[in-house]
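Okay, so here's the structure we're looking at.
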Amino acid sequence: MLKACIAKAGGTEHQVSLFKLLLGSSITGHLPESPQNLIQFQDVRALSSLLFTLPSHLQILLSLMIVQREQEIYEQFKTRYKLTSTIPSAAEIIYINQAVTQTPMGPTILSILNRPTNINELDLMFGLGLKTQIFNKEIPFRKRLEELFNTYNIYNEFIEELISLAIVNDRLTASSYICSKLGYSFSNIQNISNVVEIWLLENSSI
């Protein structure tokens, strides 16, 4: 149904992949005594699917922050629940987003995204300044995101909405943003929103 709606809107296979990223689940699991009750745990897929709306250097840093945050969520619940992790890699998130805008990654960026994060290397490449706390696990995720955008003096109404959307993982609002950025018509946006709402109803989360 999703693929048909995107095709009707004139979307590409790359755009289908973007929506599949949005409607995927990074962490699922169940209580040991209730294996039949599968639960979807809150992840950061809403933000992952909107990186294409931002400059490339922010996409790279955010992809690393997203992976770190989802791994933190996994660690938070793994002692109580039996979990399955399908957290996309930073390189995978970037590939899906940049395929939409047709701005492929270079080999240097790929090498960074495919190995453990080296803060000093990132600092040299992106001029973050040693004061930045974007990878500090002790700081709430919202504050880390605010720190990133403040470091680059990029803070406006859209960024504030993007941060709020990321914290609650609002897939429905994210889908509307994606559709709008891709130039879909109102009727096609509504059709895709209906598909997302059905998905949300069928996938409980905590």
Side-chain angles (χ1 to χ4, degrees), residues 17-32 35 37-54 56-99 105 108-126 128 130-151 159 162-171 174 199-200 203-206:
S17 296
L18 189 69
F19 279 98
K20 285 183 177 178
L21 175 66
L22 173 67
L23 299 185
S25 300
S26 294
I27 306 165
T28 56
H30 59 80
L31 290 167
N37 296 327
L38 193 64
I39 302 168
Q40 172 188 288
F41 291 79
Q42 181 167 311
D43 49 39
V44 199
R45 293 282 184 120
L47 179 59
S48 295
S49 63
L50 281 166
L51 296 193
F52 76 96
T53 66
L54 299 167
S56 294
H57 61 291
L58 292 179
Q59 291 184 39
I60 294 161
L61 293 168
L62 280 167
S63 70
L64 293 166
M65 293 172 69
I66 287 167
V67 172
Q68 177 180 295
R69 178 59 186 149
E70 292 190 339
Q71 289 171 342
E72 290 168 13
I73 294 167
Y74 180 90
E75 292 296 318
Q76 178 184 348
F77 289 102
K78 72 176 184 179
T79 56
R80 186 181 174 195
Y81 295 87
K82 289 187 175 295
L83 299 179
T84 299
S85 169
T86 52
I87 298 173
S89 68
E92 188 177 351
I93 294 169
I94 288 292
Y95 176 81
I96 292 170
N97 277 272
Q98 295 199 341
M105 294 177 289
T108 303
I109 299 302
L110 274 173
S111 68
I112 291 173
L113 298 177
N114 282 318
R115 64 174 186 264
T117 305
N118 183 312
I119 303 300
N120 290 329
E121 184 177 24
L122 292 174
D123 183 61
L124 287 172
M125 288 190 69
F126 300 110
L128 294 171
L130 295 176
K131 68 182 187 302
T132 190
Q133 297 291 302
I134 62 173
F135 294 106
N136 187 336
K137 297 180 181 181
E138 303 302 316
I139 295 176
F141 189 53
R142 173 183 282 276
K143 293 295 183 184
R144 286 181 249 169
L145 292 172
E146 291 173 348
E147 175 74 15
L148 172 66
F149 291 112
N150 283 327
T151 297
I159 295 300
L162 190 69
I163 291 172
S164 296
L165 178 153
I167 298 305
V168 299
N169 198 40
D170 186 344
R171 284 179 167 91
W199 186 92
L200 291 171
N203 292 270
S204 60
S205 63
I206 62 173

inquiry  = Return the CG to OG distance between Asn169 and Ser48, rounded to the nearest 0.5 Å.
reply    = 8.0 Å
note = Closest non-hydrogen atoms of Ser164 and Arg142, given as atom of the first, atom of the second and distance, are OG-NH2, 3.3 Å
task = Starting at OG of Ser25, measure out to CD1 of Ile39 and round the result to the nearest 0.5 Å.
result = 12.0 Å
query = Hey, are the side chains of Thr28 and Thr86 touching, using non-hydrogen atoms and a 4.5 Å cut-off?
reply = no
inquiry  = With side-chain hydrogen bond (donor to acceptor under 3.5 Å, both in side chains) as the criterion, how do Gln68 and Glu72 come out once you've worked through the C-alpha distance, each side chain's angles and the decisive distance to 0.1 Å?
reply    = CA-CA 6 Å; Gln68 177 180 295; Glu72 290 168 13; 3.2 Å; yes
Gln42 side, atom CD; Arg69 side, atom CZ - distance, nearest 0.5 Å = 8.0 Å
inquiry  = Are the side chains of Glu70 and Pro88 in contact, using a 4.5 Å heavy-atom criterion?
reply    = yes
task = Kindly indicate whether the side chain of Phe126, heavy atoms from C-beta on, has any atom under 4.5 Å from the side chain of Thr151.
result = no
note = dist His30:NE2 -> Asn37:CG (nearest 0.5 Å) comes out at 9.5 Å
task = For side chain to side chain contact (heavy atoms under 4.5 Å, CB included), just list the numbers for Ile73 and Ile87, CA-CA rounded to whole Å, side-chain angles, deciding distance to a tenth of an Å, and then say yes or no.
result = CA-CA 11 Å; Ile73 294 167; Ile87 298 173; over 6 Å; no
key: Close side-chain approach of Leu162 and Leu145, heavy atoms under 4.5 Å   = no
key: Separation of Leu58 CG from Leu51 CG (nearest 0.5 Å)   = 9.5 Å
query = Where do Ser89 and Val67 come nearest, in terms of heavy atoms and distance?
reply = C-CG2, 3.9 Å
Nearest atoms (heavy-atom pairs only) where Leu22 meets Arg45 = O-CB, 3.7 Å
query = Is the backbone of Leu23 close enough, under 3.5 Å, to the side chain of Arg171 for a donor and an acceptor to pair up by distance?
reply = no
task = Please check if the side chain of Glu147 supplies one atom and the backbone of Ile134 the other of a donor-acceptor pair under 3.5 Å.
result = no
request  = To the nearest 0.5 Å, tell me how far Leu54 CG sits from Leu47 CG.
outcome  = 8.0 Å
inquiry  = Counting only heavy atoms from other residues, nucleotides and ligands, does the tally under 6.0 Å from CZ of Phe135 exceed 12?
reply    = yes
inquiry  = If you define the side chain from C-beta out and look only at heavy atoms, does anything of Pro35 sit under 4.5 Å from Lys82?
reply    = no
inquiry  = Check the orientation of Phe77 and Phe41. Use parallel for under 30°, tilted for 30 to 60°, and perpendicular for over 60°.
reply    = tilted
